[in-house]
Asker: 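Starting off with a structure, shown below.
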There are 2 protein chains.
Amino acid sequence: MVGAFAVLGEASRLRILEHLRGAECSVGELVDRLGMSQPAVSKHLRVLREAGFVSSRIAAQQRIYRIEPEPFAELEHWLAQYRRLWDRHLDALERHLDNQE
Amino acid sequence: MVGAFAVLGEASRLRILEHLRGAECSVGELVDRLGMSQPAVSKHLRVLREAGFVSSRIAAQQRIYRIEPEPFAELEHWLAQYRRLWDRHLDALERHLDNQE
DNA sequence: CAGGCATATAACCGGTAGGGCATGTTCAGA
DNA sequence: TCTGAACATGCCCTACCGGTTATATGCCTG
């Protein structure tokens, strides 16, 4: 879990994810949009890929990257442990639903 | 936003939050539970405090720390931008499982 | 008010992460 | 098969981060 946060705790990587959120993207397009060197972008993409946030497919000479949903689902699950802190109403609702069963 | 993730991208700080999730806690109690030096714990608490994840009140010679909900709400909000990605994923998974039957 | 406890801060150090440059690798097209 | 495009990787350097030790601060207690 800490690994996922460490991956997201980097401005360039967050920007990459925001770009990929709209549509999948080649490395070159990301380089243009981020104004960073191509090796730097590739390194970040590698980190994101090894953490499962993105995957790539090969199209000719290009690598097309896209977002993968699983790590986000894990974040959601982690966050749920803390949700009752700021949404006690939802917590009460959960107890209500539990009692329904 | 990236700041919040950077704060969470550290094992000791996540452990601190998990301890505080159950109940508020003094620095000394955290030192005992984490098996770390007191200055290290204080440094992490400072980072967490400046990021808004925790707040402290003074009780005699002790500082009692507790979780603050706002940053978690911001995480929730950030995650919502990506939620539809894994909602679709879950939908696809369900359809896949349905087809299995 | 002196002493001790709980915590914060300072100074320092070793590891590591991010950036750039140079280079390797793969593939399309002439 | 040769060339160039697109991307990955290796290497180096610098900056920052987390940890420890030592010290400062603030508050109870005798």
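Letters go in sequence order (proteins before strands), and every chain restarts at 1.
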Asker: Heavy atoms from C-beta onward define the side chain here; which of D:dG26, D:dG18, D:dA8 lies closest to that of B:Arg13?
Answerer: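 The listed nucleotide nearest to B:Arg13's side chain is D:dG18.
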Asker: Check this for me, if you would: do B:Glu76 and B:Arg83 make a salt bridge, where the nitrogen-to-carboxylate-oxygen distance has to be below 4.0 angstrom?
Answerer: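 Yes, this pair counts.
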Asker: Which residue, A:Arg63 or B:Val41, contacts DNA chain C at a nucleotide closer to its 5' end, judged by nearest heavy atom?
Answerer: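 The answer here is B:Val41.
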Asker: Among the candidates D:dA8, C:dG20, C:dT7, find the nucleotide nearest to the side-chain atoms of A:Arg49.
Answerer: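 Per side-chain heavy atoms of A:Arg49, the pick is D:dA8.
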Asker: Where the side chain of B:Glu10 meets the backbone of B:Ser12, is there a donor-acceptor pair that is under 3.5 Å apart?
Answerer: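 Between the backbone of B:Ser12 and the side chain of B:Glu10 there is a qualifying donor-acceptor contact (under 3.5 Å).
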Asker: Heavy atoms from C-beta onward define the side chain here; which of C:dG19, D:dA22, D:dG19 lies closest to that of B:Pro39?
Answerer: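 Closest of the options to the side chain of B:Pro39: D:dA22.
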Asker: Given D:dC7, C:dA8, C:dG19, identify the nucleotide with an atom nearest to the side chain of B:Val27.
Answerer: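 So the nucleotide nearest the side chain must be C:dA8.
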Asker: Output the single nucleotide from C:dA28, C:dG19, D:dC7 whose closest atom is nearest the side chain of A:Glu10.
Answerer: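 Output: C:dG19.
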Asker: Does A:Arg49 make a cation-pi contact with A:Tyr65 (under 6.0 Å, within 45 degrees of the axis)?
Answerer: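 Geometry flag: not set, cation outside 6.0 Å or 45°.
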Asker: Roughly, in whole Å, what's the span from CG in B:Leu14 to C1' in D:dG18?
Answerer: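 In whole Å, D:dG18 C1' and B:Leu14 CG are 15 Å from each other.
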Asker: Can you tell me how far C1' of D:dC7 sits from CD of A:Glu29, to the nearest Å?
Answerer: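 Rounded to whole Å, this separation is 14 Å.
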Asker: Looking at C:dG19, I'd like to know if its phosphate oxygens (OP1 or OP2) sit under 4.0 Å from a side-chain N or O belonging to A:Ser12.
Answerer: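 Checking C:dG19 against A:Ser12, a side-chain N or O does come within under 4.0 Å of OP1 or OP2.
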Asker: Please determine whether a side-chain nitrogen of the Lys or Arg among A:Arg57 and A:Glu24 lies less than 4.0 Å from a carboxylate oxygen of the Asp or Glu.
Answerer: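 Salt bridge present between A:Arg57 and A:Glu24.
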Asker: Separation of B:His44 atom NE2 from D:dT20 atom P, in whole Å?
Answerer: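 Computing the B:His44:NE2 to D:dT20:P distance gives 9 Å.
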Asker: So which nucleotide from C:dA8, D:dA8, D:dA6 ends up closest to the side chain of B:Ser42?
Answerer: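 Output: C:dA8.
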Asker: Figure out the CZ/P separation between A:Arg57 and C:dC27, and round it to whole Å.
Answerer: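 My rounded result for the distance is 16 Å.
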Asker: Among C:dG18, C:dT7, C:dC5, which nucleotide sits nearest the side chain of A:Lys43?
Answerer: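 When the side chain of A:Lys43 is considered, C:dG18 is the closest of C:dG18, C:dT7, C:dC5.
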Asker: How close or far is atom C1' of D:dA6 from atom CD of A:Gln61, stated in whole angstroms?
Answerer: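 Distance check: A:Gln61 CD to D:dA6 C1' gives 6 Å.
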Asker: Using a cut-off of strictly less than 4.0 Å, decide whether B:Tyr65 has a side-chain nitrogen or oxygen near OP1 or OP2 of C:dA6.
Answerer: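 Answer is no, no contact under 4.0 Å.
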Asker: Side chain of B:Met36 only, heavy atoms from C-beta on: which candidate in C:dG20, D:dT20, D:dC7 is closest?
Answerer: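 Closest nucleotide to the B:Met36 side chain: D:dT20.
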Asker: Figure out the CG/P separation between B:Asp32 and C:dT7, and round it to whole Å.
Answerer: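 Answer to the nearest Å: 10 Å.
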Asker: From the set C:dG19, C:dA28, D:dG19, return the single nucleotide nearest to any side-chain atom of B:Ala40.
Answerer: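 The answer is D:dG19.
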Asker: Are OP1 or OP2 of C:dA8 and a side-chain N or O of B:Arg46 less than 4.0 angstrom apart?
Answerer: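 Result: no.
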Asker: In whole Å, what is the span from the CG atom of A:Leu45 to the P atom of C:dG19?
Answerer: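 Going from A:Leu45 (CG) to C:dG19 (P), I get 12 Å.
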Asker: If you go through the side-chain atoms of B:Gln38, does one of them form a donor-acceptor pair with the base of C:dA8 closer than 3.5 Å?
Answerer: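 Yes.
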Asker: Quick check: does any side chain N or O of A:Arg13 sit under 3.5 Å from a backbone N or O of A:Val7, one acting as donor and the other as acceptor?
Answerer: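 Looks like yes, one N/O pair under 3.5 Å.
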Asker: Take atom CD1 of A:Ile58 and atom P of C:dA28, then tell me their distance rounded to the nearest Å.
Answerer: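 After rounding, the reported distance stands at 10 Å.
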Asker: Check B:Val54 against B:Leu20 and note the closest heavy-atom contact, atom names and distance.
Answerer: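 Heavy atoms only, the tightest pair is CG1-CD1, 3.7 Å.
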